[in-house]
Amino acid sequence: MAVERTLILVKPDAMRRGLAGEILRRFETRGLEVKAARLVRVERELAELHYEVHREKPFFGELVEFISSGSTLALVLEGEGAIATCRATIGATNPADAAPGSIRGDLALSMPDNLVHGSDSPETAASEIALWFPDDELV
């Protein structure tokens, strides 16, 4: 498997519930390495750019409002097969469908409060990382 980088966002609901450490622990336990981290209050412009792919969907506004509602911990993680590993660790988008043992299966309550975002492909990871982190912030 190739070494990859992926963007992980620990969303405002997870931050409000004090779950950032537990979420990061789960990724690190899987062997992923933190290459960048930033605690941010997401501005509307960044939120809209991040969710641009969903702009025409009825839930676009809800996504933007939610990610802008509090602090978000943005992470770049690296490791072999990082994207698939992170997606499996996170669990299904809807917590009701997420397997026990996954972050969402164990910790998430309901939609849209599903705790974490993870890039879904190498192309998406590259564009999301560039959106959230300047090159000089990556280790």
Side-chain angles (χ1 to χ4, degrees):
M1 255 187 191
V3 173
E4 299 173 324
R5 286 187 172 179
T6 188
L7 179 78
I8 297 295
L9 300 177
V10 181
K11 297 179 183 179
D13 57 326
M15 298 303 293
R16 281 191 285 272
R17 292 177 55 205
L19 296 174
E22 170 63 16
I23 290 168
L24 180 56
R25 182 195 67 77
R26 289 181 183 223
F27 291 124
E28 289 182 321
T29 300
R30 297 292 308 266
L32 298 161
E33 185 179 345
V34 176
K35 291 299 184 177
R38 176 191 290 160
L39 183 63
V40 297
R41 178 69 188 243
V42 181
E43 298 292 330
R44 183 171 192 84
E45 181 181 353
L46 175 57
E48 288 181 358
L49 288 170
H50 179 76
Y51 288 119
E52 182 64 33
V53 67
H54 299 298
R55 183 171 293 279
E56 301 305 318
K57 296 179 181 163
F59 54 83
F60 174 75
E62 184 179 15
L63 290 173
V64 170
E65 290 302 318
F66 175 62
I67 199 74
S68 303
S69 70
S71 298
T72 294
L73 178 61
L75 302 164
V76 176
L77 300 181
E78 181 180 89
E80 287 192 31
I83 295 166
T85 298
C86 286
R87 302 282 293 177
T89 302
I90 291 168
T93 301
N94 186 337
D97 300 328
S102 68
I103 291 169
R104 290 177 178 152
D106 291 350
L107 304 172
L109 304 173
S110 63
M111 288 294 291
D113 298 356
N114 64 0
L115 305 177
V116 184
H117 164 83
S119 302
D120 63 4
S121 70
E123 298 77 23
T124 302
S127 66
E128 288 180 346
I129 290 168
L131 182 64
W132 288 81
F133 291 95
D135 284 342
D136 65 346
E137 289 187 21
L138 299 171
V139 178

| said: Hydrophobic clustering (ILVMFWY, side-chain heavy atoms < 4.5 Å, transitive) - are Ile103 and Leu32 grouped together? | reply: yes
| task | Using the rule that two of Ile, Leu, Val, Met, Phe, Trp, Tyr join whenever any of their side-chain heavy atoms come within less than 4.5 Å, decide whether Val40 and Leu77 are in one cluster. | result | no
Only pairs under 3.5 Å count here: list side-chain donor-acceptor contacts from residues 107-114, not counting sequence neighbours, and write none if there are none.
unit_1	atom_1	unit_2	atom_2	d
Asn114	OD1	Lys11	NZ	2.7
Asn114	ND2	Thr93	O	3.1

| message | Are Leu24 and Ile129 linked, directly or through intermediate hydrophobic residues, by side-chain heavy-atom contacts shorter than 4.5 Å (ILVMFWY only)? | response | no
| field | Other cluster members, Val53 - Ile/Leu/Val/Met/Phe/Trp/Tyr, side-chain contacts below 4.5 Å | value | none
| field | Ile90 vs Phe27, side-chain contact (heavy atoms from CB on, under 4.5 Å): CA-CA, chis, key distance, verdict | value | CA-CA 9 Å; Ile90 291 168; Phe27 291 124; 3.8 Å; yes
| Residues sharing Val139's hydrophobic cluster, by side-chain heavy-atom contacts under 4.5 Å among ILVMFWY, directly or via others? | none
| query | How would you list all residue pairs meeting salt bridge (charged side-chain N to carboxylate O under 4.0 Å, His left out) that involve residues 128-139, not counting sequence neighbours? | reply | Arg38-Glu137
| said: Pairing donors with acceptors under 3.5 angstrom, does anything connect the side chains of Thr89 and Arg30? | reply: yes
| said: Taking salt bridge (charged side-chain N to carboxylate O under 4.0 Å, His left out) as the cut-off, I'd like each qualifying pair that reaches into residues 87-112, sequence neighbours left out, listed once. | reply: Arg26-Asp106
| Hey, is the main chain of Thr72 close enough, under 3.5 Å, to the side chain of Arg41 for a donor-acceptor pair? | no
List, one per line, each side-chain donor-acceptor pair under 3.5 Å for residues 45-52, sequence neighbours excluded.
unit_1	atom_1	unit_2	atom_2	d
Glu48	OE2	Arg44	NE	3.0
His50	ND1	Trp132	NE1	3.1
Glu52	OE1	Arg55	NE	3.0
Glu52	OE1	Arg55	NH2	2.9
Glu52	OE2	Arg55	NE	3.1

| task | Mark yes or no for whether Thr85, through its side chain, and Ala82, through its backbone, hold a donor-acceptor pair below 3.5 Å. | result | no
| Does Ser68 use its side chain to pair, donor to acceptor, with the backbone of Glu65 at less than 3.5 Å? | no
| query | Below 4.0 angstrom, N of the basic side chain to O of the carboxylate: do Arg25 and Glu28 qualify? | reply | no
| request: Answer yes or no: is there a donor N or O on one side and an acceptor on the other, between the side chain of Glu78 and the main chain of Glu33, under 3.5 Å? | output: no
| remark: In short, Pro12 meets Ile67 closest at the heavy-atom pair CG-O, 3.7 Å
| request: Measure the spacing between CG of Asp13 and CG of Leu115 and express it to the nearest 0.5 Å. | output: 4.5 Å
| Given the rule that I, L, V, M, F, W and Y join up when any side-chain heavy atoms are under 4.5 Å apart, are Leu9 and Ile23 in one cluster? | no
| Spatial distance of atom SG (Cys86) from atom CZ (Arg5) [nearest 0.5 Å] | 13.0 Å
| request: State, to 0.1 Å, how close Thr6 and Ser119 come at their nearest heavy-atom pair, and which atoms those are. | output: OG1-CB, 3.3 Å
| Is there a path from Val42 to Leu19 through hydrophobic residues (I, L, V, M, F, W, Y) whose side chains come within less than 4.5 Å of each other? | no
| Going through the checks in order, is the side-chain contact (heavy atoms from CB on, under 4.5 Å) test met by Leu63 and Lys57? | CA-CA 10 Å; Leu63 290 173; Lys57 296 179 181 163; over 6 Å; no
